[in-house]
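Quantities reported herein were computed from a predicted structural model and do not represent experimental measurements. Numbering of residues begins at 1 and proceeds along the displayed sequence.
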Amino acid sequence: MTVVTPKKPVAIHFGAGNIGRGFIGAVLAHAGFHVVFVDVQKNIIDALNEEGGYDLHILNNGSHTERVEDVSGVLSTDLETIENVAKEPVSIITTAVGASVLPKLAKPFAQIVKTRMADKRGPINIVACENLQHATDLLKKEIEKELNDEERSYMDENIGFAVCAVDRIVPPFKGEHILDVGVEPFFEWTVDVNSLKKTDPDVHIKGMHTTDNLDAYVQRKLFTLNCGHAITSYLGFLSHKSTILDAINTPSIHSAVSQALRESGAALVRKHAIFNETDHQRYIDTTLHRFTNPHMHDEVARVGREPMRKLKRGDRLLGPIEMCREFDLPRDGLLTGVAAALLFAPEGGEDKEAKELQESVKQKGLNDVLLELTGWKDGDEDLDKIIREYEGLKGKSQNSRL
C-alpha cells in the first residue's frame, strides 16, 4: 500500500478511534500537520484514505461542525508502509489506543526507530496520549525490548519520549458517516517540555501546552476531572441514574461531587505552588459545567467501569485522599466516593472488575478489602468512615428500589 503525503510536516498517530480522531489527531491537523492515522480497523483506514478528512462535531449549546482535513491512514500490520511514512519529514508521533494496547505497538515503533537510524534521520518526539500516568515511559520500555544496543543508543540520542496529560470527553457518537466523531468543546493537552527533543521541522503545535511541572497538571486532571467523573458515576449508579448528565443534575449528587472536588482542590493547591485557590476553583466550576453538557449522553456504567483500577493507590479516588491526609485536610466527600465505588455492581456482569470486587468483599469482608486497597492500618479513622458511608449508601440504594 502506498500513502502519498504532501510536502508539509507529518504527524503519525496510532489509534484512529473516536478519541484519536476527536482529540489528538484533530489538534495535530489543525496545527498544520498531515496526519497519518495507524490502526487495526480496515474500514476506518479505508475511509480515511478515501475521504482525506472527516467531520468533528462540537457538542455544546449551538453545536457546530469543524472539518478535519489532510489526513490518511495505514493499517498497523503494514510495516512496510509505516517505514515509508517514517522517512517523511516527521517530527511527532502520538498514540491514543488505550494504555493496555501500548505493548502491542512496540514492533511498529521499533521499525520506525530502525528506519530512521538507517536513513540517518534527525530527532523526533513520541508522546503516548493515554489516560495513564507516564504512559510514554511504558511505551519506551516495550520498544527497547525490540532493539539492539546500537539501536537503543540511537533512540536515546534522537527520540524524545515525552510524558503528557490529556483531557477531553469524547462520548459515544453516531454520525451520518463512519468517520464522524462528537466531542465536548473543552480540551487540554499538556506535555513535559523537558523530555522533548528539538526536531526538524520544529513546528509549534497550537493546542499543545508545554510545562516543566507536568506532575502538577497530571494530578490536577486526575484528582479533579477523573475523580469527579468517577464519583458522579458511582453515586449515579446507586441512585439508579443511567447517564452522567442525569446523575450530576441530581442536587444531592452535584453537592457531594462538589464537596469532594473542593477537598481534592485544597490539597492540590497546598501541594503545588503553581496553582492558587481562585484559579483552581474556576477549574472545578468548569469541570462540573462539562458534566452538565446536555449533548453529552455518557453512560454511568461506562464511566464507572473497572472500579478496581480506579481504586488503586495514587489514582483518582485514593490519590487525593492520600494528599489530604498528607496535609491533614478534610476529606469526607472523597471518602464517600470510595464507599460508592465499592458498591458499584452494574447488571449483566460485563464489568469483570466490578464483579471481582463484589466477590472479594463478600468473601473477605469490607474491612480486609479496604486494608488491601489502601495500605492503612486496621482501625484507621478514614477506613472506619468509609465503612460507615458504605453501609449508609447501601441502605439508601436498597430502600430506593422498594
Side-chain angles (χ1 to χ4, degrees), residues 17-19 59 98-101 131-132 169-174 182 184 222 225-257 260 288 290-312 315-318 333-370 372-374 385-402:
N18 285 348
I19 295 175
L59 306 176
S100 63
V101 179
N131 196 20
L132 174 72
I169 299 174
V170 183
F173 181 81
K174 183 74 172 179
E184 66 167 334
L222 191 62
L225 174 79
N226 296 123
C227 175
H229 224 187
I231 294 176
T232 302
S233 69
Y234 296 136
L235 292 176
F237 167 78
L238 294 174
S239 296
H240 319 298
K241 307 298 181 183
S242 60
T243 67
I244 292 297
L245 180 63
D246 291 338
I248 202 64
N249 282 336
T250 303
S252 60
I253 295 178
H254 191 285
S255 176
V257 175
L288 291 170
R290 292 165 67 189
F291 295 168
T292 63
N293 187 331
H295 297 278
M296 304 288 285
H297 300 287
D298 217 352
E299 299 293 324
V300 160
R302 188 198 73 81
V303 175
R305 67 187 177 190
E306 300 179 347
M308 293 186 71
R309 175 172 62 85
K310 294 176 171 67
L311 283 165
K312 286 184 177 179
D315 211 293
R316 66 209 67 195
L317 297 173
L318 291 178
L334 292 165
L335 296 172
T336 297
V338 171
L342 291 163
L343 287 162
F344 182 67
E347 295 180 0
E350 294 181 2
D351 189 334
K352 294 181 180 179
E353 282 196 11
K355 184 178 179 181
E356 182 182 344
L357 179 58
Q358 295 309 308
E359 291 176 349
S360 183
V361 170
K362 185 177 181 179
Q363 293 173 5
K364 301 178 182 178
L366 181 59
N367 190 79
D368 285 353
V369 169
L370 279 169
E372 291 179 5
L373 288 170
T374 64
K385 284 184 179 180
I386 292 174
I387 293 175
R388 289 197 298 271
E389 282 296 315
Y390 176 94
E391 296 299 338
L393 290 170
K394 184 178 181 180
K396 289 179 182 178
S397 181
Q398 290 175 339
N399 289 336
S400 67
R401 292 179 186 272
L402 300 177

(request) Go through the steps to decide whether Leu245 and His297 satisfy the test side chain to side chain contact (heavy atoms under 4.5 Å, CB included), and finish with yes or no. (result) CA-CA 7 Å; Leu245 180 63; His297 300 287; 4.2 Å; yes
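- Here CG of Leu393 is found 11.5 Å from CD1 of Ile386. Values are rounded to the nearest 0.5 Å.
- When side chains are defined from C-beta on, Arg309 counts as touching Arg316, because their heavy atoms get closer than 4.5 Å.
- Rounded to the nearest 0.5 angstrom, Ile231 CD1 and Thr336 OG1 are separated by 8.0 Å.
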(request) Step by step, work out the side chain to side chain contact (heavy atoms under 4.5 Å, CB included) result for His254 and Leu288. (result) CA-CA 8 Å; His254 191 285; Leu288 291 170; 4.2 Å; yes
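- You'll find the side chain of Thr250 stays beyond 4.5 Å of the side chain of Ser239, heavy atoms only.
- Annotation: ring-ring contact (aromatic ring centres under 6.0 Å, His included) contacts involving residues 341-370, sequence neighbours excluded, comprise Tyr234-Phe344, Phe237-Phe344.
- The distance from the OH atom of Tyr390 to the CG atom of Leu370 is 9.5 Å, given to the nearest 0.5 Å.
- In this structure, CG in Asn367 is found 4.5 Å from CD1 in Ile387, a value given to the nearest 0.5 Å.
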(request) Quick one: do Asn226 and Asp315 satisfy side chain to side chain contact (heavy atoms under 4.5 Å, CB included)? Show the steps, please. (result) CA-CA 9 Å; Asn226 296 123; Asp315 211 293; 5.8 Å; no
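- No option in Asp351, Val369, Leu343 other than Val369 meets the side chain to side chain contact (heavy atoms under 4.5 Å, CB included) test with Leu357.
- For the salt bridge (charged side-chain N to carboxylate O under 4.0 Å, His left out) condition, no pair includes a residue of residues 353-362, sequence neighbours left out.
- When each of Leu334, Leu222, Val338 is paired with Leu317, the side chain to side chain contact (heavy atoms under 4.5 Å, CB included) condition holds for Val338 and for no other.
- Taking every heavy atom of both residues into account, Pro171 and Asn18 meet most closely at O-ND2, 4.3 Å.
- To the nearest 0.5 angstrom, Lys396 atom NZ is 10.0 Å from Leu235 atom CG.
- Annotation for Ile19: atom CD1 does not count as buried by contact number, only 12 or fewer foreign heavy atoms lying within 6.0 Å.
- The backbone N or O of Gln358 sits nowhere less than 3.5 Å from a side-chain atom of Gln363 that would complete a donor-acceptor pair.
- Across all non-hydrogen atoms, the minimal contact from Ala247 to Gly236 is CB-CA, 3.8 Å.
- Considering all non-hydrogen atoms of both residues, Ala341 and Pro307 come closest at O-CB, 4.2 Å.
- The salt bridge (Lys or Arg N to Asp or Glu O under 4.0 Å) test applied to Glu299 returns no partner, not counting sequence neighbours.
- Rounding to the nearest 0.5 angstrom, the gap separating the CG atom in Leu318 from the NZ atom in Lys310 is 13.5 Å.
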(message) Ser233 vs Ile244, test: side chain to side chain contact (heavy atoms under 4.5 Å, CB included). Steps then yes/no.
(response) CA-CA 6 Å; Ser233 69; Ile244 292 297; 3.9 Å; yes
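- Contact detail for Val303 and His229: the closest heavy-atom pair is CG1-O, 3.6 Å.
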